[in-house]
There are 2 protein chains.
Amino acid sequence: MKNRRQDVIDTAHKLFIEKGYQATSIQDILVGSGISKGTFYNYFPSKGELFIAIFRSFYKRIRHERDKLLINQDSADIEIFIQQIELQMMGNKQSKLLVLIEEVRVSNDEELKQFINQTLLLSIRWMHGRFLDIFGESKKPYLLDSVIIFHSMITHMNYFNHRETTVAKPEIQIIRYCMNRMIHTIDEVAKGKEQILDPELMDTWFPEFKNHLYPCHDDLLNATLELKKAINTAFPCGENRTRAVELIDFIQDELMQSDNPREFLIESLLATLKTGYASQIQVYIESFEESINSCLSR
Amino acid sequence: MKNRRQDVIDTAHKLFIEKGYQATSIQDILVGSGISKGTFYNYFPSKGELFIAIFRSFYKRIRHERDKLLINQDSADIEIFIQQIELQMMGNKQSKLLVLIEEVRVSNDEELKQFINQTLLLSIRWMHGRFLDIFGESKKPYLLDSVIIFHSMITHMNYFNHRETTVAKPEIQIIRYCMNRMIHTIDEVAKGKEQILDPELMDTWFPEFKNHLYPCHDDLLNATLELKKAINTAFPCGENRTRAVELIDFIQDELMQSDNPREFLIESLLATLKTGYASQIQVYIESFEESINSCLSR
DNA sequence: TTTTCATTATACTGCTTGTATAAATGTAAT
DNA sequence: ATTACATTTATACAAGCAGTATAATGAAAA
């Protein structure tokens with residue numbers, strides 16, 4: 001039963017939030033969710049994989065909501081980005097996943113550590129793409145530095161902000177503060193041509209893990225985003241547009257959330273998409289289809 | 001034998017660097033340093049306390065060198081600060097203590113976690129003091145934010161710089177880059193009166209841990225620094241001055257590094273200090289003596 | 001020489017993750 | 001309804017961990 005598996009995930013997440021990852025033993029999870037050891041290891045090959053399952057089950061939702069905020073919007077609008085960051089911060093606050101990740105990042109489980117590192121890099125990469133949207137191609141040489149600074153800044157300001165419960169300021173204030181810093185910083189470093197890390201470096205990050213834990217989802221995400229943008233500019237608001245977006249979202253979810261994506265569904269929906277919209281945005285649909293195929297053939 | 005104890009510390013440190021804290025078992029340390037379990041637990045009450053011993057044995061040296069850089073120098077000189085940071089970064093690189101701390105920060109050992117947190121706060125507090133020296137009292141409301149940003153920035157830029165071994169840039173370049181950012185940032189936030197965390201917050205950090213692991217050393221460090229500054233301004237360069245500084249350094253070391261500071265030594269040296277120099281800098285000597293006494297009477 | 005104290009070897013407790021296996025239960029097709 | 005298959009359970013087990021306990025050994029101080 002998939003339901004019972006999800007139950008275990010939820011129970012374990014709750015326990016991890018309460019006591020931490022290491023301090024929560026599998027025994028705790030067994031009694032907490034009322035299953036036997038055999039069932040547990042039937043669901044998850046190890047404690048680390050359970051954590052990954054928790055992480056995925058939570059972040060697929062957040063990532064989805066975060067990307068939805070961009071639909072029908074100007075991707076250069078800094079306010080949208082701020083909303084996206086706030087969304088993620090609130091999600092992290094509730095799920096405590098960032099804290100748990102810190103704990104797991106240094107555990108003995110090599111696979112788990114790799115997974116966490118990859119998600120960190122993915123997050124950096126996403127942010128870099130958004131910074132490109134916002135600050136423009138001309139600032140690109142400085143945007144990897146900037147993203148790293150922004151990421152660390154917001155994490156630590158948030159940490160210290162919550163150390164003292166009495167005076168904690170709302171998250172949005174911290175985001176705006178950090179964003180103000182970045183606006184100025186990017187201007188300065190561009191003026192002085194100060195660069196530490198070349199964004200081209202990111203290309204060397206990803207080949208190694210392309211076909212690992214998040215096999216091709218990254219490509220798919222990009223293709224999806226591009227396609228949505230194209231649709232938003234090519235079509236006026238209305239039923240047609242929303243229908244298309246719904247189709248795309250469904251395909252994306254099916255590919256990313258299911259272990260066995262139903263190919264017949266995807267093919268059918270893709271055909272609908274092609275016949276209905278292909279004329280104006282053919283090139284985007286094609287690269288979308290390409291990503292789909294690489295996802296299916298992994 | 002104190003020598004053997006230090007041997008164990010060194011061996012354990014080497015093993016921790018190679019395999020990490022958690023992945024190194026006490027058994028590994030036993031065979032590595034050729035002692036038996038009984039002896040180990042005779043030296044250290046637990047694995048966590050061994051780590052603390054390693055940390056102290058390494059950082060007392062770095063802290064000492066770092067503070068020495070300030071003697072006879074203008075504390076507002078930004079170049080000195082950069083040197084101090086570089087010193088610490090090189091020390092961390094060699095000892096990998098920052099990596100180990102990350103690992104230990106989230107372990108199950110509550111005492112150890114507390115110790116690590118305290119050292120982090122101490123480090124932030126020291127940096128805040130230095131920022132005050134450099135940027136002046138007028139910028140104080142913005143300096144806690146700034147220090148947190150600087151600290152996280154330099155840590156993460158360094159981390160990503162060393163991810164790709166092929167293109168790692170020298171530490172000093174990263175420090176200068178981050179420092180440039182801070183110079184501009186502090187100006188901006190002061191202009192816009194943007195503040196997230198009030199530096200007064202720091203006062204609430206420390207009472208709780210005053211009499212714990214670093215009982216009174218913090219006070220002593222401050223008193224020592226102030227006294228040295230006073231001496232540097234009150235006396236011309238020459239034998240007198242260096243002699244005084246030597247005396248002070250010795251007292252500080254004896255109090256902070258030895259488990260059983262030799263009171264008779266300290267009293268004698270203090271007396272010398274008083275008769276030779278008291279006239280011009282009496283008030284500083286008095287607060288120094290006060291710190292000493294609180295250290296001795298813990 | 002005897003006392004004292006650090007050290008050693010060894011066994012033991014109680015915890016951990018993960019494996020193995022036989023019995024019991026549920027479920028779906030015939 | 002009965003057969004066949006999959007899931008679940010209870011339980012014992014292996015190998016590892018930190019830390020405790022203890023009796024025997026050594027060496028230096030009294």
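Predicted model only: the values in this text are computed from it and were never measured.
- Taking the ring centre of A:Tyr159 as origin, the terminal cationic atom of B:Arg105 falls inside the region bounded by 6.0 Å and 45° from the ring axis.
- In this model, the phosphate group of C:dT7 is not approached by any side-chain N or O of B:Thr39 to a distance below 4.0 Å at OP1 or OP2.
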Open item on the list: salt bridge (Lys or Arg N to Asp or Glu O under 4.0 Å) for B:Lys68 and B:Glu65? Distances and angles first, verdict last.
Closed with: CA-CA 5 Å; B:Lys68 243 180 4 196; B:Glu65 285 180 42; over 6 Å; no
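- When distances are taken from the side chain of B:Asn42 to each of C:dT8, C:dA6, D:dT8, the shortest belongs to C:dA6.
- For the atom pair OG (A:Ser123) and OH (A:Tyr59), the distance works out to 7.5 Å, reported to the nearest 0.5 Å.
- Residues passing the side-chain hydrogen bond (donor to acceptor under 3.5 Å, both in side chains) test with A:Thr39 are A:Ser36, sequence neighbours excluded.
- Atoms CD1 (A:Ile35) and P (D:dA10) sit 11 Å apart, rounded to a whole Å.
- Counting heavy atoms from C-beta on, the side chains of B:Ile35 and B:Ile29 never come closer than 4.5 Å.
- C:dG18 atom P lies 11 Å from atom CG of A:Leu112, rounded to whole Å.
- Rounded to whole Å, the distance from OH on B:Tyr43 to C1' on C:dA6 is 8 Å.
- One finds no side-chain N or O of B:Arg4 lying less than 4.0 angstrom from the OP1 or OP2 phosphate oxygen of C:dA6.
- With rounding to whole Å, B:Asn3 atom CG is found 16 Å from C:dA6 atom C1'.
- Separating the CG atom of A:Leu50 from the C1' atom of C:dG18 is a distance of 14 Å, rounded to the nearest angstrom.
- Partners of A:Glu103 according to the side chain to side chain contact (heavy atoms under 4.5 Å, CB included) rule, which considers only residues two or more places apart in sequence or in another chain, are A:Tyr21, A:Gln22, A:Leu100, B:Val106.
- Taking atom CZ on A:Phe44 and atom P on C:dT19, their separation rounds to 15 Å, with Å as the unit.
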Task: Heavy-atom protein contacts under 4.0 Å, nucleotides 12-19 of chain D, coded B base, S sugar-phosphate only, - none - done: -----SSB
